[in-house]
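Numbered from 1 within each chain, the chains take letters A, B, ... in sequence-line order. What you see below is based on every heavy atom in this structure, not just the backbone, and it leaves out hydrogens, waters and symmetry mates.
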Protein chains: 2
Amino acid sequence: MEMDGRKRKILDAIIRNYLETGEPVGSRTISRYTDLHLSSATIRNEMSDLEEMGYIVQPHTSAGRIPTDKGYRLYVNSIVEQKTQHAEAMNSLMIYRTTRLEEMLKQVVRILASQTQYTTMISAPSYRGNKVKFIQLTRITSRQLLNVVVIEGNIVKNHLFDLTEDIDEETVGRLNFLLNSRLNGLTLMDINLGLISNIKEEAGVHADVVSDVLDTIAEVIRAETDENMEIYTSGANNIFRYPELADSSKAQLLISTIEEKSGLADFVKETRERESQGETGIQVYIGDESPVEEMKDCSVVTASYDLGDGLTGTIGIIGPKRMDYEKAMRNLKEVKKSLNNIFGSVRMEDEPTGPGDPGDVG
Amino acid sequence: MEMDGRKRKILDAIIRNYLETGEPVGSRTISRYTDLHLSSATIRNEMSDLEEMGYIVQPHTSAGRIPTDKGYRLYVNSIVEQKTQHAEAMNSLMIYRTTRLEEMLKQVVRILASQTQYTTMISAPSYRGNKVKFIQLTRITSRQLLNVVVIEGNIVKNHLFDLTEDIDEETVGRLNFLLNSRLNGLTLMDINLGLISNIKEEAGVHADVVSDVLDTIAEVIRAETDENMEIYTSGANNIFRYPELADSSKAQLLISTIEEKSGLADFVKETRERESQGETGIQVYIGDESPVEEMKDCSVVTASYDLGDGLTGTIGIIGPKRMDYEKAMRNLKEVKKSLNNIFGSVRMEDEPTGPGDPGDVG
DNA sequence: TGTTAGCACTCCAACACAATGAGTGCTAAC
DNA sequence: GTTAGCACTCATTGTGTTGGAGTGCTAACA
């Protein structure tokens with residue numbers, strides 16, 4: 001059995017109709033819905049074939065057909081191919097400039113959720129590959145130090161910590177010099193235990209203080225692992241818009257998964273993985289294709305974004321399998337673009353290459 | 001009609017039974033449940049009285065009775081009075097020391113949610129009344145400054161920002177001195193527009209740079225309003241454990257409210273308000289007593305916590321009206337205590353004054 | 001050979017209906 | 001004041017019953 005043009009048209013019609021209604025679609029509906037002008041009986045024959053081929057199924061005898069994951073997959077692939085269409089202007093995202101990266105990300109998922117009516121997620125950009133730009137140790141009291149690390153991409157990490165013995169200004173100055181000269185320009189990944197013990201040795205008598213300080217820096221790095229990836233979500237309540245997800249047990253599972261975030265992190269990882277294998281652009285996970293068991297009743301559409309300065313992350317839309325894939329993909333593209341623009345302009349200001357108003361991340 | 005001891009016992013039995021089962025409770029149940037040894041008929045008479053008095057209602061004829069808000073209220077009040085009992089040791093919270101306040105708060109709500117099986121919330125402590133301890137302006141590049149503000153309670157706020165014109169080290173040094181001498185020791189509330197324009201004037205030629213810097217500080221303050229209060233939640237999925245909240249429409253409403261956080265902020269405000277009016281300890285909002293319309297099917301139990309150093313916030317448990325109030329209150333008390341301990345010990349290191357009493361708790 | 005009309009069949013969804021039983025209020029007896 | 005007994009109410013549950021949407025199959029048609 002092979003797929004001819006007519007079968008494709010019918011399958012498309014079935015899927016499109018099901019996306020709208022969420023109800024199984026019957027042969028009669030299609031017979032009127034399409035411009036094929038075929039009787040329901042003919043459609044029935046074709047549908048029977050499509051079912052045999054695995055693109056659609058009947059939930060039960062004497063019901064219409066609904067798409068299988070395989071069917072959705074074919075449909076989504078075809079969208080991806082003809083993606084040049086839909087140049088229609090989208091009302092742009094209107095992300096307000098904020099000073100804090102975190103706020104900005106929260107704003108983005110929020111807007112995206114309200115615009116798509118789906119649940120949305122965004123991962124905070126990873127900066128493991130970014131270089132240390134500046135380290136500053138400041139003495140607050142004789143036993144309390146403030147450590148500030150500025151990382152490329154204008155990420156600022158600070159840490160206030162207490163010492164077990166007094167420290168004087170001069171020592172702090174020496175440590176500042178030592179740290180900056182040894183660590184500046186290295187990426188967070190470069191800073192490993194060996195290097196740290198090296199520096200500790202070099203610090204000599206103040207090794208224990210240095211140890212504290214370096215542990216702090218180590219913690220900044222530690223905070224940047226996949227396990228405790230920062231992920232923001234929005235629009236969790238939107239799952240109730242889709243009856244197939246809204247029943248108590250499924251909703252509970254989904255809400256937990258969204259709240260826990262560890263499942264979402266798997267999508268971020270998977271997306272990063274695939275992207276590194278050359279697969280670029282928007283990615284779609286349909287049902288069982290999901291890396292997360294709990295989300296097998298959903299589809300997830302993801303994309304990576306790039307703020308520049310090595311700051312990349314993943315943004316995703318979570319919906320029912322019958323989600324409006326085109327809309328989701330369109331919106332994600334729009335977000336990608338907006339994020340690029342936002343930070344494009346910031347970067348210009350960052351280096352004295354152009355004019356602009358102040359704004360930054362930190 | 002007045003409330004005698006027997007009526008109280010019966011009402012208590014009804015409520016307790018309803019808390020467990022969530023089902024309307026009938027006279028026969030009570031007749032066996034209590035140690036009063038009364039027949040169901042007698043109980044029926046009393047229940048009829050209790051209904052007339054407004055403590056219980058029948059969802060429909062020929063159903064058992066369920067407590068009204070008024071009934072719950074009486075019950076809760078009686079718990080509060082005899083709170084000395086239940087000295088039974090609770091497995092303590094096991095909050096791991098973390099460096100970041102935010103992480104710690106997230107951990108707390110999480111543990112509390114898993115222990116109570118309710119939805120929980122915690123507001124980040126307000127530090128508007130806290131004094132500026134230390135301000136540091138650092139020149140990263142000729143047009144980029146890093147501003148770090150350390151506030152009492154070891155709150156660190158940083159902000160990286162770009163200037164429209166170059167700045168040299170010397171100027172930065174002067175600004176540092178100016179800012180510290182003028183702002184240190186003031187609370188964030190004290191720093192108003194008048195003061196800021198004063199300082200701008202004083203800065204003379206570098207007024208525009210100072211303006212930028214001060215705007216930054218102003219923003220730290222701005223971030224500390226009720227409108228964008230930081231609130232962390234956990235266990236939103238727990239609402240599905242209670243059928244009376246789990247149906248699609250109610251669940252959606254609740255999930256939204258929890259996600260939006262603005263409603264939760266109202267509880268924080270209300271709790272703060274009441275506490276400032278002398279009402280201390282644990283507070284309980286039953287149904288319509290809630291300041292938030294969307295939560296009238298729930299009960300909310302809140303308490304304020306005090307980390308010392310002026311860092312106070314609110315922690316709350318959200319559940320169905322038939323929640324286990326005793327358990328909720330017990331857990332909140334435990335959390336209060338734990339939070340005090342955690343920061344008590346930190347403060348000990350913090351100031352070399354010795355083992356200070358970390359603020360009292362009921 | 002592909003398309004269509006017609007028909008028998010299936011099965012979900014909706015509805016009505018009765019049976020069940022938990023629970024009440026009332027009354028009369030203790 | 002307490003209790004047993006009884007009639008009554010009503011949500012819930014189960015059981016048909018029906019209607020309709022949809023299918024598969026067959027036979028007729030172009």
In residues 260-270 of chain B, what donor-acceptor pairs under 3.5 Å come from side-chain atoms, sequence neighbours left out?
{"unit_1": "E260(B)", "atom_1": "OE1", "unit_2": "R110(A)", "atom_2": "NH2", "d": "3.1"}
{"unit_1": "K261(B)", "atom_1": "NZ", "unit_2": "I231(B)", "atom_2": "O", "d": "3.4"}
{"unit_1": "E270(B)", "atom_1": "OE2", "unit_2": "R274(B)", "atom_2": "NE", "d": "3.3"}

(request) May I ask you to decide whether D4(B) forms a salt bridge with R8(B), counting only side-chain N to carboxylate O separations under 4.0 Å? (result) no
(request) Both distances under 3.5 Å, Watson-Crick or G-U wobble: on that basis, could you give the dot-bracket string for DNA chain C, with [ ] for crossing pairs and | for other-strand partners? (result) ||||||||||||||||||||||||||||||
Which heavy atom of [X] sits nearest a heavy atom of [Y], and at what distance?
X       : Y       : result
S40(A)  : S27(A)  : O-CB, 3.5 Å
E2(A)   : M53(A)  : C-CE, 3.9 Å
T120(A) : V109(A) : OG1-O, 2.8 Å

Are any protein N/O atoms closer than 3.5 Å to N/O atoms in nucleotides 20-23 of chain C? If there are, list each pair with its distance.
none

By side-chain contact (heavy atoms from CB on, under 4.5 Å), which residues pair with [X], not counting sequence neighbours?
X       : result
S39(A)  : A41(A), T42(A)
E244(A) : Y242(A), P320(A), R322(A)
D247(B) : S249(B), K250(B)

(message) Does anything in residues 32-46 of chain A form a salt bridge (charged side-chain N to carboxylate O under 4.0 Å, His left out)? List the pairs, not counting sequence neighbours.
(response) R6(A)-E46(A), K7(A)-E46(A)
(message) With salt bridge (charged side-chain N to carboxylate O under 4.0 Å, His left out) as the rule and sequence neighbours excluded, what pairs involving residues 61-76 of chain B come up?
(response) E51(B)-R65(B), D69(B)-K321(B), R73(B)-E289(B)
Identify all side-chain donor-acceptor contacts of residues 292-300 of chain A below 3.5 Å with residues at least two apart in sequence or on another chain.
{"unit_1": "S299(A)", "atom_1": "OG", "unit_2": "Y325(A)", "atom_2": "OH", "d": "2.7"}

For nucleotides 2-4 of chain C, tabulate all protein N/O to nucleotide N/O atom pairs closer than 3.5 Å, reporting atom names and distance.
{"unit_1": "dT3(C)", "atom_1": "OP1", "unit_2": "R6(A)", "atom_2": "NH1", "d": "2.7"}
{"unit_1": "dT3(C)", "atom_1": "OP2", "unit_2": "R6(A)", "atom_2": "NH1", "d": "3.3"}
{"unit_1": "dT3(C)", "atom_1": "OP2", "unit_2": "R6(A)", "atom_2": "NH2", "d": "3.0"}
{"unit_1": "dT4(C)", "atom_1": "OP2", "unit_2": "S39(A)", "atom_2": "N", "d": "3.0"}
{"unit_1": "dT4(C)", "atom_1": "OP2", "unit_2": "T42(A)", "atom_2": "OG1", "d": "2.8"}

(request) Please list, chain by chain and in numerical order, all residues satisfying side chain to side chain donor-acceptor pair (under 3.5 Å) with D324(B), sequence neighbours excluded. (result) none
(message) Below 4.0 Å from chain A heavy atoms, what is the first contacting nucleotide of DNA chain D and what is the last?
(response) dA21(D) to dC25(D)
